[in-house]
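First the structure, in the form of structure tokens, and then the observations on it.
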2 protein chains.
Amino acid sequence: MASAAGVSISTASKALNDTGRMGAETRERVKRIAGEIGYRPNALARGLLSKRSFTIGLLTNDTYGRFTLPVMAGISDALVDHGVSVFLCAIEDDPALAQTHVDAMLDKQVDGIIATGKRLDRRLPVDLSNLHVPVVYAFTEGTQNSVTFRSDDEQGAKLAVEWLAKIGRRRIAHITGPEEFFSVRERAGAYHQVAGHREPVLYGVWSESWGHEAVEQLWKRPGEKPDGLFCGNDQIARGAVDALRERGIEVPQDVSVIGFDNWEIVAAQTRPPLTTVDMELKELGRQAGLTVLALAEGRFVEPGVRKLPCRLIVRQSCGGEAPGK
Amino acid sequence: MASAAGVSISTASKALNDTGRMGAETRERVKRIAGEIGYRPNALARGLLSKRSFTIGLLTNDTYGRFTLPVMAGISDALVDHGVSVFLCAIEDDPALAQTHVDAMLDKQVDGIIATGKRLDRRLPVDLSNLHVPVVYAFTEGTQNSVTFRSDDEQGAKLAVEWLAKIGRRRIAHITGPEEFFSVRERAGAYHQVAGHREPVLYGVWSESWGHEAVEQLWKRPGEKPDGLFCGNDQIARGAVDALRERGIEVPQDVSVIGFDNWEIVAAQTRPPLTTVDMELKELGRQAGLTVLALAEGRFVEPGVRKLPCRLIVRQSCGGEAPGK
DNA sequence: TTGGATTGAGAAAAGCTTTTACCAAGTCCA
DNA sequence: TGGACTTGGTAAAAGCTTTTCTCAATCCAA
């Protein structure tokens, strides 16, 4: 204990926290000694008193981490300066496991919980609406009157289609995932709005093989072929690029392809590397982190859904701009 | 407080913890009331007293999470039943950030720390050797006298090469990553041992494009071509498969290809899906979790490096077995 | 009936920090 | 010189559990 080395016990606390009255010399001496003996206050004891544990929980059902990791990185990035640490709880889609983790977090007096997932229109398999700690939702469906952060898929899709139009593509097709996904419908809506209805939307699944197959379908149809493909995610885009190459069609010379997600491992390794839409999940995480912190500190935050803009990442699969960016 | 609802205060504690002496009827009543009002003991107060926070920290420099997520899943899986939650701290390769996170964890009285990374032969940019909490290393280089878990890359590589041999491949080449990686040398060593020196080892980088280029190199050389490719990771394998297809060489009919890592997103999406070696990182995480828990509880654990066996995942890129497995 | 053993439950301490109340000594001004 | 401040610091309470001690009542045997 620092007090042993210094002089008293409550004085030590005041010295280290720059609070209370005392001689400047005493304060300095206590601080110095504390530094020398490497004294660190026990956060448990502090938390017991202050009702703040400087700990939050991140709950996710995105086992693979495609979406969770960037969100986590953003949260951590925003909160580490505030001394807040993050419990990561991966609950598959198991309600019992989820409840176990939530209970464990509540026992540990987390200051708040961030719920995240892999789909904007699905709830986590656990009810977080009546907890006595603040909850914010990031990239997953929230409850009434909650604060929810999500990507603006409509704006992101517009970005993509407008980019294709800007570089001169006129017959733009849209190959995407299952129609029951909210993101799919929203992106398709934006596609229709910007590109008109000249080409159909091909709904399928989120896989490379679907991208591959969709290209086969498109090119087997009679009539003019598309000169631009807006794909619902990078995996589909990659499958499409592969299918085009197998048909001897050059990307981006003959056809421009654009993806969605900016999943580096797919987008950057495709030949040519994919131009794609980034949902800025890290920024999303950052804002979610700051928000849950604000709520934990009792500050008021307007409930509602906040849509964060996407960003276009230009690589080489569209042409139209110097590859060197 | 449960005591208000029940009868006393210390009696309540004893009732809920099944400790101390008291009438069975009283114990039952306290438990019932506690359940009714949803009483949950404050883990901070408990931890303050017991010196156990039921919290551990997971430190990683694997930003992308390729290796960390399975390890984390294993840890969490093993420890959730013990009521232990996990702080995830992603420290890029930034020593200052790492120290910040370690300090935050120590302040919060973690029961132990697991260090993990993306490379067996690299240390995290922070010294964990003289902490007063137990540290175990998983999939990263540990310190003297520490407990370290790692995959047995030699055994995994043997598994792969022996499998190729078993299905009749005789001219097996090895395309792999940079020679300065310990894993690369160990896998190459096993390759030499099993396959002999009939084919060279091609060292390169961990990318699809290297796999692609390596195949070009191999097939441009005069003389007999390989009929089996053992690739250092799944990305290289995927690049190789793509290159073979472009040359009109059938996989697995003409050439068998085997990868390493079982990175689902790459291995399962390759056409044909990759037979590959899984390092069982989840199991590795599980053991690391149980070990740090044992150390936290004061049980003795023999220091040293523990190598966990890899497992062969048979898909379709080798042939030799019914694809339906 | 009485002394020792047993039983049921409450009182108190400990764990570590922060905060509030308090005290002794010095300072100031009328 | 004596009341009103100011200064520098300590004592104590609070926050929530668990554990050890203590105490009163009951019970059994002699």
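Chain identifiers are assigned alphabetically (A, B, ...) following the order of the sequence lines, protein sequences preceding nucleic acid strands; residue numbering begins at 1 within each chain. Here the structure is a predicted model, which is why all the values come from computation and not from measurement.
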- prompt: What integer distance in Å separates A/R46:CZ from D/dG15:P?
  reply: 18 Å

task: Would you mind reading off the distance between A/Q109 atom CD and D/dT17 atom C1', rounded to a whole angstrom?
output: 12 Å

message: From the set C/dA9, C/dT19, D/dT10, return the single nucleotide nearest to any side-chain atom of A/S8.
response: D/dT10

task: Taking the side chain as every heavy atom from C-beta outward, state whether A/M279 and A/P70 have any pair of such atoms under 4.5 Å apart.
output: no

statement: Between the CZ atom in A/R27 and the NZ atom in A/K14, the distance rounded to the nearest 0.5 Å is 8.5 Å

query: Between atom CG in A/N42 and atom C1' in C/dG15, what is the gap in whole Å?
result: 9 Å

query: Whole Å only: how far is the CG atom of B/D18 from the P atom of D/dT19?
result: 12 Å

- request: Among the candidates C/dG15, C/dA9, C/dT18, find the nucleotide nearest to the side-chain atoms of B/L49.
  value: C/dG15

- prompt: Between A/S146 (side chain) and A/T148 (backbone), is there a donor-acceptor pair under 3.5 Å?
  reply: no

- line: Which of A/I113, A/V110, A/V86 passes side chain to side chain contact (heavy atoms under 4.5 Å, CB included) with A/L58? Answer is A/V86

message: Quick check: A/Y137 with A/F149 (ring centres under 6.0 Å apart)?
response: no

- prompt: Counting side-chain heavy atoms from CB outward, which of D/dT17, C/dT19, C/dG10 is closest to B/K14?
  reply: C/dG10

query: Mind checking what makes side-chain contact (heavy atoms from CB on, under 4.5 Å) contact with B/N130, not counting sequence neighbours?
result: none

Heavy-atom donor-acceptor pair, A/D111 side chain to A/A296 backbone, under 3.5 Å: no

field: Interatomic distance where CD1 belongs to B/I9 and C1' belongs to C/dA13 [whole Å]
entry: 12 Å

query: Among the nucleotides C/dG8, D/dT17, C/dG10, which one has an atom lying closest to any side-chain atom of B/R21?
result: C/dG8

Spacing between A/M22 atom CE and D/dT10 atom C1', to the nearest angstrom: 11 Å

statement: Each base of DNA chain D marked ( ) or [ ] if paired in-strand (Watson-Crick or G-U under 3.5 Å), | if paired to another strand and . if unpaired gives ||||||||||||||||||||||||||||||

- line: By nearest-heavy-atom nucleotide on DNA chain C, the more 5' of B/A45 and B/A24 is B/A24

query: B/K108 NZ to C/dC16 C1': how many Å, rounded?
result: 17 Å

- line: The answer to which of B/L48 and B/T19 contacts DNA chain D further toward the 5' end, by nearest nucleotide, is B/L48

- prompt: A/T26 near the nucleic acid: base, sugar-phosphate alone, or nothing, with a heavy-atom cut-off under 4.0 Å?
  reply: sugar-phosphate

Length of the line joining A/R52:CZ and C/dT17:P, which is rounded to integer Å: 18 Å

statement: Among the nucleotides C/dT18, C/dC16, C/dA11, whichever has the atom closest to the side chain of B/K51 is C/dC16

Given DNA chain D, 5'-ward residue of the pair B/R40 and A/G23, judged by closest heavy atom: A/G23

